[in-house]
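The structure under discussion appears below in the form of C-alpha cells.
In what follows, residues are counted from 1 in the order of the sequence shown. Both backbone and side-chain heavy atoms feed into the values below; hydrogens, waters and symmetry mates do not. Keep in mind it's a predicted model, so treat the numbers as computed, not measured. Whatever order the structure lists ligands and atoms in, that order sets their numbers, starting from 1.
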Amino acid sequence: MPIKIVRNDITKIECDAIVNAANSSLLGGGGVDGAIHRAAGKGLLLECMKLGGCKVGQANLTKAYKLPSRFVIHIVGPKWKGGQNGERELLESCYHESLRIAADNNCESIAFPLISSGVYGYPKDQALKIAVDTITSFLIDHDMLVYIVVFDKSAFQISEKLFSDITSYIDDKYVDTHFIFNRSRRDEYGESTVLAETQILSDDFETCELQAPQCPTMGVPKAASLADMVNQIDESFSQMLLRKIDEKGMTDAECYKKANVDRKLFSKIRGDAYYRPSKTTAIAFAIALELSLEDTKDMLMKAGFALSHSNKFDIIIEYFIINENYNIFEINEALFAFDQSLLGV
Ligand code: APR
C-alpha cells in the first residue's frame with residue numbers, strides 16, 4: 001500500500017528518508033525539526049551548517065546519522081497567512097521537491113511529517129489533504145512507500161455532521177444486533193416462533209444457533225458428492241475483481257492505484273485465481289470499484305470475509321457505501337476519528 005498514514009514519532013520510522021520541517025537557517029528549531037536534530041545527534045547540525053540555509057519549498061538532503069534512516073530531507077514549508085498568499089502551491093512543492101530528491105537518491109520509502117501544520121500554522125486538515133493529493137499524484141508514475149506521520153489526532157478534523165451521522169448509524173446497527181439477539185433469546189425460552197437465521201454476534205455474545213423453520217414438506221436436500229460440490233466452485237475473489245475492473249472500464253493500474261494497493265500485490269492477485277487478500281485490501285478494491293453494498297458483500301465473501309454489525313470498522317465502511325461516498329480519504333478520516341485501522345492509507 002503506497003501511502004500509509006500512521007500516528008507515530010517520525011524519528012522512530014525506519015525508512016530510506018525522513019523529511020524534516022525545517023526553517024530557512026537549517027540550524028534546528030522546535031517541533032519536528034528539534035526532534036530530528038536531537039535524535040540524529042551533533043553530526044546532523046555540523047552537516048547542515050555547511051549548507052548555508054535554504055528557501056521555502058527547496059529540499060536539501062543530508063545523512064541521517066543516529067536516525068533509523070539513510071537520509072534526512074530538509075524542507076522549509078510556507079507560513080500560513082490566511083491562504084491567499086500562494087501557501088497551497090508552496091506546500092505542494094515541498095512534498096513534490098522532497099519526493100523528487102528522494103527518487104533521485106533511489107529511496108524506496110520516505111516518511112513525511114505534516115509540513116507547516118505546527119509552528120507555521122497551516123490548518124492540519126488542509127495540510128493533510130494537500131499531502132495526500134500531492135503524494136498520490138506523484139505515485140501514479142513512481143513506486144515508493146510513503147508514510148505520512150501524524151503526531152496528533154487534530155490532523156483529522158472530521159466534520160461534526162459526518163461524525164454524528166456515523167455515530168448514530170453505528171448505534172442503530174449495534175442496537176439492531178442486540179435487539180435481534182434479545183428477541184431470539186426470548187423466543188428460545190418464550191414463544192414457540194423461532195428466527196430462521198443464524199446470528200453471529202460480537203465476542204461478548206455466544207454464537208446464537210437458531211433452528212431453521214420446521215417445514216415437513218421441505219426435506220433436507222440430498223448432499224451432493226464431495227466431487228460434485230468441489231466442481232461447483234464459485235467465481236473466486238480475483239476472478240470477480242478482474243471482471244469488475246473490465247465492467248467498470250478501468251485499467252488495472254487505475255484500480256489498484258485508487259485502492260492504494262501496490263503494483264506487486266496486484267500482480268500477485270492477478271496471477272493467482274485463488275489468491276486470498278486481507279479484509280482491508282478486499283474492501284479497498286470494493287471502494288475503488290465503487291461497488292454497491294451487495295456486490296461488496298459478495299466480493300468480500302469470495303475472499304472469506306463478511307461485513308459484520310458487531311464491529312465499528314465494518315459499520316463505517318457500510319455507512320459510506322450506502323451513502324455512495326467512495327472517497328477513500330474521507331473514509332480514512334472517519335476511521336481515524338473512530339480509532340479504527342485505515343484503508344490502504
Ligand atoms: N514526529 C512527527 N510529527 C511531529 C513531531 C514528531 N516527532 N513533532 C511534531 N510533529 C508534527 C506537528 O504536530 C505538526 O503537525 O509535525 C507537524 C509540523 O510541525 P512543526 O514541527 O512545528 O513544523 P512547521 O509547522 O513546519 O514549522 C516549522 O517550526 O520547529 C520549527 O524549526 C522549525 O521554524 C521551523 C518551524
Examine ligand 1 and decide if any of its atoms is less than 4.0 Å from a heavy atom belonging to [X].
{"X": "Ser116", "result": "yes"}
{"X": "Gly77", "result": "no"}
{"X": "Thr11", "result": "no"}

What residue and atom, counting heavy atoms only, is the protein's closest point to [atom], and at what distance?
{"atom": "atom 12 (C) of ligand 1", "result": "Lys124 NZ, 4.1 Å"}
{"atom": "atom 21 (O) of ligand 1", "result": "Val32 N, 2.7 Å"}
{"atom": "atom 36 (C) of ligand 1", "result": "Tyr120 CE2, 3.5 Å"}
{"atom": "atom 22 (O) of ligand 1", "result": "Val119 N, 2.8 Å"}
{"atom": "atom 25 (O) of ligand 1", "result": "Gly118 N, 2.7 Å"}
{"atom": "atom 30 (O) of ligand 1", "result": "Gly30 O, 2.6 Å"}
{"atom": "atom 3 (N) of ligand 1", "result": "Phe151 CB, 3.5 Å"}
{"atom": "atom 18 (C) of ligand 1", "result": "Leu114 O, 3.3 Å"}

Ligand-side contact atoms (ligand 1) for residue partner Gly31, heavy atom cut-off under 4.0 Å: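 Result: 8 (N), 21 (O), 30 (O).
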
Contact atoms of ligand 1, heavy-atom distance to Ala21 under 4.0 Å: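 Those atoms are 23 (O), 26 (O), 28 (C), 33 (C).
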
Ile18 and Tyr147: CA distance, side-chain angles, deciding distance, side chain to side chain contact (heavy atoms under 4.5 Å, CB included) verdict: CA-CA 9 Å; Ile18 64 168; Tyr147 294 98; over 6 Å; no

Within the 4.5 Å heavy-atom criterion, are [X] and [Y] side-chain neighbours or not?
{"X": "Met301", "Y": "Phe237", "value": "no"}
{"X": "Val6", "Y": "Ile13", "value": "yes"}
{"X": "Asp16", "Y": "Ile110", "value": "no"}
{"X": "Thr281", "Y": "Leu265", "value": "yes"}
{"X": "Thr280", "Y": "Phe313", "value": "yes"}

Identified salt bridge (Lys or Arg N to Asp or Glu O under 4.0 Å) partner of Asp295 from the options Lys248, Lys244, Arg243, Lys302: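 So the option named by the test is Lys244.
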
Best match, Asp33, Val76, Val6, Val149: closest heavy atom to atom 33 (C) of ligand 1: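 Ranked by closest heavy atom to atom 33 (C) of ligand 1, first place is Asp33.
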
Geometric class of the His96/Phe138 ring pair [parallel <30°, tilted 30-60°, perpendicular >60°]: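 Aromatic pair Phe138/His96 classed perpendicular.
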
Geometric class of the Phe285/Phe266 ring pair [parallel <30°, tilted 30-60°, perpendicular >60°]: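 Because their plane-to-plane angle lies in the 30° to 60° range, the rings of Phe266 and Phe285 count as tilted.
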
Residue part near ligand 1, for Ala35, under 4.0 Å between non-hydrogen atoms: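 Answer for Ala35: side chain.
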
His74 and Gln58: side chain donor to acceptor below 3.5 Å: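 His74 vs Gln58: no donor-acceptor pair found between side chains.
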
Gap between atom CG of Leu44 and atom NZ of Lys63 - 0.5 Å precision: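 Nearest 0.5 Å value for the NZ-CG distance: 10.0 Å.
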
Polar proximity ligand 1 side, Ala22 side, N/O cut 3.5 Å exclusive: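 There is no such contact.
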
Check: Ile115 N/O within less than 3.5 Å of ligand 1 N/O: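 So ligand 1 has no N or O lying under 3.5 Å from an N or O of Ile115.
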
